[in-house]
Amino acid sequence: MSEEETIFSLIIDGRIPSYKLYEDELIIAILDINPFSPGHALVIPKEKVATLDKLSEKSSAAIGALLPKISRAILNITGATEFNVLQNNGKKAFQSVFHVHFHIIPKFEDGRGLQFPFKSTPIDHEEASIMSEKIQQLLLQGT
Ligand code: 5GP
């Protein structure tokens with residue numbers, strides 16, 4: 001594999017098999033090989049970028065339109081009524097395949113699905129006020 005190639009490029013190119021759920025010019029969706037629950041799927045833009053912040057507007061729009069549709073199909077077939085969408089960027093953020101992708105993970109009554117070890121702390125209002133102002137400005141500049 002070349003530097004920008006990952007296991008997902010091989011799947012996209014059809015060089016290794018997968019349980020395909022959907023494919024078009026920009027996106028492929030497959031079942032995860034190590035699912036958190038039955039129906040755990042990966043929705044993968046074909047564009048070869050590692051993380052979401054690098055993804056083009058075209059691929060972003062395509063994936064945004066597809067996530068609800070693919071989620072609905074998965075809920076329909078698995079019988080789950082609840083689910084998580086997970087999207088990891090970077091090693092410390094639990095990314096293991098460095099080609100951008102979204103997980104759709106059905107959650108079942110018996111607990112199968114994503115388990116939450118996440119910790120939060122109350123917001124720091126002084127920091128939040130400065131940060132939100134700065135991010136707003138950057139977004140207004142079109143970043
Ligand atoms: P990440 O941790 O990067 O957000 O998630 C990568 C996911 O890709 C993992 O859930 C892992 O099970 C899945 N995965 C890794 N290799 C393969 C593969 O060869 N085929 C499929 N279908 N999924 C894979």
Side-chain angles (χ1 to χ4, degrees), residues 1-109 111-121 123-125 127-143:
M1 274 193 283
S2 75
E3 217 172 86
E4 62 166 9
E5 264 190 318
T6 64
I7 198 80
F8 292 166
S9 350
L10 300 181
I11 290 173
I12 290 165
D13 294 345
R15 283 184 277 164
I16 63 166
S18 65
Y19 293 100
K20 199 189 291 179
L21 307 178
Y22 177 86
E23 182 169 18
D24 66 22
E25 178 204 342
L26 297 172
I27 308 288
I28 189 170
I30 61 172
L31 289 180
D32 195 294
I33 203 73
N34 274 309
F36 292 155
S37 60
H40 178 171
L42 301 170
V43 186
I44 310 168
K46 291 183 177 178
E47 190 179 332
K48 282 183 189 166
V49 291
T51 53
L52 186 61
D53 51 301
K54 305 282 192 310
L55 194 64
S56 70
E57 290 212 5
K58 192 176 174 189
S59 296
S60 306
I63 209 154
L66 271 172
L67 281 171
K69 287 186 195 168
I70 297 172
S71 301
R72 278 195 292 276
I74 292 170
L75 293 180
N76 193 309
I77 297 305
T78 60
T81 54
E82 302 184 8
F83 65 106
N84 293 96
V85 174
L86 176 70
Q87 206 280 310
N88 300 325
N89 299 280
K91 208 170 177 179
K92 288 194 279 295
F94 312 114
Q95 186 176 13
S96 60
V97 178
F98 296 94
H99 181 131
V100 68
H101 56 281
F102 287 73
H103 299 252
I104 298 174
I105 308 164
K107 187 73 182 174
F108 293 92
E109 294 290 340
R112 284 174 302 164
L114 188 65
Q115 309 289 327
F116 268 52
F118 303 160
K119 286 188 192 149
S120 65
T121 50
I123 196 164
D124 175 332
H125 288 284
E127 182 188 63
S129 149
I130 296 166
M131 195 188 291
S132 59
E133 186 64 37
K134 285 183 177 170
I135 295 171
Q136 232 181 77
Q137 287 306 321
L138 207 57
L139 288 170
L140 281 173
Q141 290 162 25
T143 305

Inset, instruction - Report the residues that fulfil salt bridge (charged side-chain N to carboxylate O under 4.0 Å, His left out) with Lys46, sequence neighbours left out, ordered by chain and then residue number. - result: Glu23
Legend entry - Over all atoms of both residues, closest heavy-atom pair of Gly90 and Gln95: N-OE1, 2.6 Å
Legend entry - Test ring-ring contact (aromatic ring centres under 6.0 Å, His included) applied to Phe8 - qualifying residues, sequence neighbours left out: His101
Legend entry - Side chains of Pro38 and Phe108 in contact at under 4.5 Å (non-hydrogen atoms): yes
Inset, instruction - State, yes or no, whether a side-chain contact exists between Leu10 and Glu5 at a heavy-atom distance under 4.5 Å. - result: yes
Without placing hydrogens or testing angles, list every side-chain donor-acceptor pair under 3.5 Å for residues 55-65, not counting sequence neighbours.
| unit_1 | atom_1 | unit_2 | atom_2 | d |
| --- | --- | --- | --- | --- |
| Ser56 | OG | Glu47 | OE1 | 2.6 |
| Ser56 | OG | Ser59 | N | 3.2 |
| Ser56 | OG | Ser59 | OG | 3.3 |
| Ser59 | OG | Glu47 | OE1 | 2.6 |
| Ser60 | OG | Ser56 | O | 2.6 |

Legend entry - Close side-chain approach of Ser71 to Ile74, heavy-atom, < 4.5 Å: no
Inset, instruction - Decide yes or no on side-chain contact (heavy atoms from CB on, under 4.5 Å) for Asp24 and Leu66, but give the supporting numbers first. - result: CA-CA 10 Å; Asp24 66 22; Leu66 271 172; 4.0 Å; yes
Inset, instruction - Kindly compute the distance separating CG (Leu31) from CG (Leu21), expressed to the nearest 0.5 Å. - result: 4.5 Å
Inset, instruction - Check salt bridge (charged side-chain N to carboxylate O under 4.0 Å, His left out) between Asp13 and all other residues, then give those that pass, not counting sequence neighbours. - result: Arg15
Inset, instruction - Would you give the length of the straight line joining atom OG of Ser9 to atom CD1 of Ile16, rounded to the nearest 0.5 angstrom? - result: 9.5 Å
Legend entry - Side-chain donor or acceptor of Thr6 paired with backbone N/O of Val97 under 3.5 Å: no
Legend entry - Partner of Phe102 under side-chain contact (heavy atoms from CB on, under 4.5 Å), chosen from Ile27, Ile70, Leu52: Leu52
Inset, instruction - Please test Asn84 against Phe116 for side-chain contact (heavy atoms from CB on, under 4.5 Å), starting from the C-alpha separation and ending with a verdict. - result: CA-CA 11 Å; Asn84 293 96; Phe116 268 52; 3.8 Å; yes
Inset, instruction - Could you list the residues that satisfy salt bridge (charged side-chain N to carboxylate O under 4.0 Å, His left out) with Glu82, not counting sequence neighbours? - result: none
Legend entry - Where Ile44 and Val100 come nearest, the two heavy atoms and their spacing: CG2-O, 3.7 Å
Legend entry - Pairs meeting criterion ring pair (Phe, Tyr, Trp, His ring centres under 6.0 Å) with involvement of residues 15-39, two or more places apart: Phe36-His40
Legend entry - Residue among Thr51, Ile12, Val49, Leu42 satisfying side-chain contact (heavy atoms from CB on, under 4.5 Å) with His99: Ile12
Inset, instruction - Taking all non-hydrogen atoms of both residues into account, name the closest pair between Ser18 and Ile11 and its distance. - result: OG-CG2, 3.6 Å
Inset, instruction - Rounded to the nearest 0.5 Å, what's the gap from CG on Leu139 to CD on Gln136? Could you check? - result: 8.0 Å
Inset, instruction - Taking the side chain as every heavy atom from C-beta outward, state whether Gln115 and Lys107 have any pair of such atoms under 4.5 Å apart. - result: yes
Inset, instruction - State the OG-CD1 distance between Ser132 and Ile123, to the nearest 0.5 angstrom. - result: 8.0 Å
Inset, instruction - Work out which heavy atom in Pro106 is nearest to a heavy atom in Ala80; give both atom names and the distance. - result: CB-CB, 3.8 Å
Inset, instruction - Determine whether Ile135 and Leu138 make a side-chain contact, defined as any pair of heavy atoms from C-beta on separated by less than 4.5 Å. - result: no
